[in-house]
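I have placed the structure first, in the form of structure tokens, so that the comments after it can refer back to it.
Lettering of chains follows the sequences in order, A, B, ..., and the numbering in each one begins at 1.
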Amino acid sequence: MPPLPALRLRVYVMGRAMTVAVVQPGGLAEESRALKRALKRVERRRRLRAIGLIGPLFLFLAVVFALPIVLMLHRAVDNPEVVTHLPRTTEAIQGWEGDGTPGEPAFAALGQDLNEAFYARRLAEPARRLNYEITGFRSMIMATSRKLPRGEAPESWKRTFLDIDPAWSEPRYWQAIKDTAQPYTLHYLLAALDLRMTSDGGVVAAPKEQAIYRGLFGRTLWMAFVITAASLLMGYPLAYLMVNGGKATRGVLLIFVLLPFWTSLLVRTSAWVVLLQQEGLVNQALQWIGAIDDPVQLIYNRFGVYVGMVHILLPFMVMPIYAVMRGVPASHVQAAASLGATPFTAFRRVYLPQTVSGVGAGCLLVFILSVGFYITPALLGSPRDQMVSYFIAYYTNQTLNWGMASALGVILLAAILLLYAVFSRMLGLGRPRLA
Amino acid sequence: MFDQIGWRAAVAALAVSALGFAGQATARDLTVVSWGGSYQDAQREVYFEPFKEATGTSLLEDSYNGGLAKIRSMVQTGTVTWDVVQVEAPELIRGCQQGLFEFIPWDKMGDRGNFIDGAATDCGVGTIVWAVALAYNTENVDGTPAGWADFWDVEKFPGKRGLRKGAKFNLEIALMADGVPADRVYEVLATDEGVDRAFNKLDELKPHMQWWEAGAQPPEWLASGDVVMSSAYNGRITAAQKEGQPFKIAWDGQVYAIDSWVIVRGSPKMDEAVEFIRYASQPENQAGLPKAIPYGPTHVAAIEEVPEDVRPDLPTAPQNLENALRNDTEFWIDREESLDERFNSWIAQ
């Protein structure tokens with residue numbers, strides 16, 4: 001039997017031609033291995049190039065997006081103040097069972113800790129943390145620390161403390177120290193849900209006059225919902241007109257939508273103040289045409305916030321819908337009409353379903369953006385119209401209670417993720433299509 | 001586990017940003033930070049420009065809206081771009097205890113006894129006495145409101161009212177309106193019943209309220225007629241009077257406080273900063289400020305040098321101090337957060 005002719009294989013991998021094998025009987029196994037190796041090599045090069053391309057973006061996101069979120073999650077449960085700055089007390093208090101005043105060792109530990117932290121200017125942190133448990137505890141600690149003997153240890157720390165302030169004999173203060181002498185706490189997360197922890201580990205509702213956050217989250221989500229609905233109601237017909245109107249109409253409308261979009265947020269918000277205030281243009285115009293006798297309150301209430309925010313967020317609704325609508329062939333509706341559908345039925349059964357992905361993307365964008373709004377409600381709203389971010393800013397800048405700010409952020413994030421899951425399930429959006 | 005990775009990454013990120021800022025941190029001018037607006041304009045005229053001329057030191061200005069957040073992050077990251085800052089009393093104490101400010105070298109600054117009570121502290125040198133008082137527009141009010149009790153009387157003086165949004169000042173004001181004398185206000189407010197009493201009193205006015213946040217708002221609203229009476233920072237009202245606004249202040253029941261200069265810890269311009277504060281605390285220099293904006297000086301000798309015609313506008317004028325309340329700083333550091341929480345819950349209902 002004559003030998004089989006040699007077989008040359010030209011393989012195209014990623015558009016590159018290469019001769020990989022001269023196939024001869026018996027050499028097949030080795031040739032296929034060579035082919036695999038070549039494939040792998042090219043694949044690896046391709047992957048490296050891809051990583052090289054998205055690498056900077058990935059790094060950027062990791063540093064400015066993922067890391068802060070992780071730190072925020074951490075800070076919401078982090079409780080380092082007492083453990084770090086009052087280490088001896090942390091250790092000494094563990095043996096105390098919670099009944100009666102603790103003994104001399106606990107007082108001695110606290111005395112040394114206070115002395116050290118006070119003069120190193122590190123006492124403010126634990127004192128503030130303890131003040132969250134019992135109002136007034138901070139100044140009691142500070143006043144006591146100022147009077148404690150420095151250097152030589154006193155004969156009895158306990159007597160020294162009680163001489164300075166008899167309140168040190170009350171177990172509730174020691175209970176507060178014991179409760180906070182843990183590296184992690186649920187205090188902030190619970191407080192952000194209007195809950196309080198009791199010293200036996202139970203959870204109770206906050207007193208009615210201090211319960212604000214559940215109402216606040218409800219209000220934030222409701223306002224975001226109203227704003228999304230209003231934007232959809234106005235944005236959908238607008239996008240339709242932009243797609244189906246003439247070329248001139250489209251140009252003009254596009255400018256109307258985009259021009260405000262390019263203007264600074266603060267400028268637009270301030271412009272609304274000028275328009276809507278008591279002596280503002282809108283009130284003057286309404287009075288001039290005789291529609292009203294006295295100026296109406298258009299600002300510093302919910303109405304003002306809605307007007308301002310819908311105006312700012314409308315482009316985020318219009319643009320995705322517009323992009324999707326442009327892809328819907330006009331012939332579909334015509335076909336429906338030719339088959340006897342009324343214009344309304346043709347719209348409902350043929351046109352609308354094809355634009356759902358744009359509506360979904362627009363609603364999602366507007367909803368998530370409005371949940372986090374800060375400036376517009378702060379400038380156009382009353383205290384009753386503030387959203388979660390207002391309180392996050394308050395705790396971050398005003399009181400420096402970053403645990404509380406993080407806890408509010410974590411719960412807001414959780415609420416948004418939950419809503420997103422429900423929303424995408426409902427609309428069947430595997431991934432919202434953005435133009 | 002998390003801690004290690006998390007913090008290492010955080011440190012790396014900070015190191016990267018620190019590199020970026022390094023160029024900025026070196027070789028810069030003495031930076032003085034105040035509260036902006038007409039107040040800082042006055043300071044520029046009385047302190048900043050004359051100081052530059054007298055010492056040849058170049059000086060940069062910045063302004064902020066209070067709070068310690070920015071100073072804290074500067075100190076913690078070691079990128080101190082502010083040197084001298086004017087802070088309010090609670091921030092002075094909190095920042096000092098947290099180690100955000102340098103100690104004042106009093107041996108270079110002069111005798112502590114030269115300053116009024118509460119103005120010479122470990123970390124700060126008092127610079128002005130300011131007050132929150134009742135202001136009204138005489139064109140929109142029939143008669144003369146005499147104090148906070150009249151502020152609550154919406155039958156006698158109909159129209160909207162303005163108060164600062166937040167628990168501070170308002171709880172004191174509500175108690176004074178309810179008949180508590182100024183010197184007993186904090187004693188009453190320290191009890192739960194006292195807090196309830198203050199909130200009940202605020203309830204009466206709630207339908208007539210418009211809440212302000214920025215000091216510039218009360219004079220604006222009084223002028224536009226949005227409110228007929230408001231609590232306000234006294235200096236802003238006098239400034240508006242000078243511009244011809246028909247405003248008046250009822251000093252009875254004013255709540256006053258002291259603002260101080262501090263030096264941010266780790267400031268590379270420590271010597272210049274001390275020099276500036278020393279300059280701005282000289283009685284002859286302090287006495288110039290009330291002419292530009294009527295906040296009271298803190299140096300005892302400066303009080304006597306203030307021109308006669310400006311004196312009645314100062315919170316520290318004897319007749320204005322008759323039923324006045326000094327804002328209790330320790331009280332508010334302990335309770336501001338919990339009382340604000342209650343205030344926010346109350347206001348949202």
Side-chain angles (χ1 to χ4, degrees), chain A residues 62-64 66-68 70-71 73-74 78 118 120-125 127-128 131-132 135-140 142-143 145 183 191 194 206-213 215-216 219 277-279 295 297 300 378 382-386 390-391 393-402 404, chain B residues 2-3 5-7 9-10 12-13 16-17 65-70 72 90-91 93-101 103 123 160 165-166 190 195-196 199 209-211 213 220-221 223-227 265 329-331 333-349:
Chain A
V63 170
V64 305
L67 183 69
V70 172
L71 288 178
L73 292 170
H74 180 240
D78 198 18
F118 183 71
R121 294 212 271 177
R122 286 202 311 258
L123 190 52
E125 292 285 308
R128 197 176 56 141
N131 199 57
Y132 294 152
T135 304
F137 202 178
R138 189 203 64 88
S139 53
M140 180 171 147
M142 286 300 174
S145 305
D194 292 333
K208 199 178 128 278
E209 69 269 10
Q210 295 205 315
I212 35 177
Y213 301 113
L216 177 69
R219 185 199 309 157
Q277 66 190 349
Q278 203 90 125
E279 310 282 319
Q297 176 100 23
Y300 309 127
S382 79
R384 273 176 236 188
D385 312 312
Q386 301 307 322
Y390 178 87
F391 286 87
Y394 167 78
Y395 282 117
T396 310
N397 295 323
Q398 217 71 23
T399 65
L400 298 191
N401 185 349
W402 290 359
M404 198 63 205
Chain B
F2 162 80
D3 260 324
I5 296 173
W7 290 114
V16 171
S17 55
N65 270 322
L68 286 176
K70 193 157 180 183
R72 183 158 103 158
E91 279 73 34
I93 293 185
R94 278 175 22 200
C96 192
Q97 288 173 350
Q98 290 180 19
L100 300 181
F101 306 144
F103 288 119
C123 291
K160 278 217 158 196
K165 187 177 158 193
V195 175
D196 288 343
F199 274 103
M209 286 311 309
Q210 187 158 315
W211 303 96
E213 284 186 88
E220 262 170 46
W221 293 352
S224 69
D226 279 315
V227 301
R265 196 175 191 184
T329 315
E330 289 280 341
F331 177 92
I333 299 179
D334 277 353
R335 290 178 178 75
E336 184 154 22
E337 243 177 271
S338 63
L339 287 177
D340 260 353
E341 231 166 53
R342 176 155 177 188
F343 181 85
N344 285 323
S345 136
W346 172 82
I347 211 173
Q349 277 155 23

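Checked by atom type and distance alone, the side chain of A:Asp194 pairs as donor or acceptor with a backbone atom of A:Tyr213 at under 3.5 Å.
With A:Asn401 as reference, A:Tyr132 is the one residue of A:Tyr395, A:Tyr394, A:Tyr132 to meet the side-chain hydrogen bond (donor to acceptor under 3.5 Å, both in side chains) rule.
Applying the ring-ring contact (aromatic ring centres under 6.0 Å, His included) test to A:Trp402 and every residue at least two apart in sequence or in another chain returns nothing. Residues satisfying the side chain to side chain donor-acceptor pair (under 3.5 Å) criterion with B:Arg94, sequence neighbours excluded, are absent altogether.
The residue among B:Arg265, B:Glu336, B:Glu91 with the most heavy atom pairs within less than 4.5 Å of chain A is B:Arg265. Of the listed residues B:Arg72, B:Glu213, B:Lys70, the one with more heavy-atom pairs under 4.5 angstrom with chain A than any other is B:Arg72.
At a 4.5 Å heavy-atom cutoff, A:Ser382 makes no contact with chain B through either its backbone or its side chain. Residue contact with chain B, scored on non-hydrogen atoms closer than 4.5 Å, is absent for A:Gln277. Only the side chain of A:Glu125 comes within contact range of chain B, with heavy atoms under 4.5 Å apart. Within the 4.5 angstrom heavy-atom criterion, atoms from both the backbone and the side chain of A:Asn397 approach chain B.
Between B:Trp211 and B:Phe343, the ring planes lie perpendicular to each other; the angle is over 60°, past the 30° to 60° tilted range.
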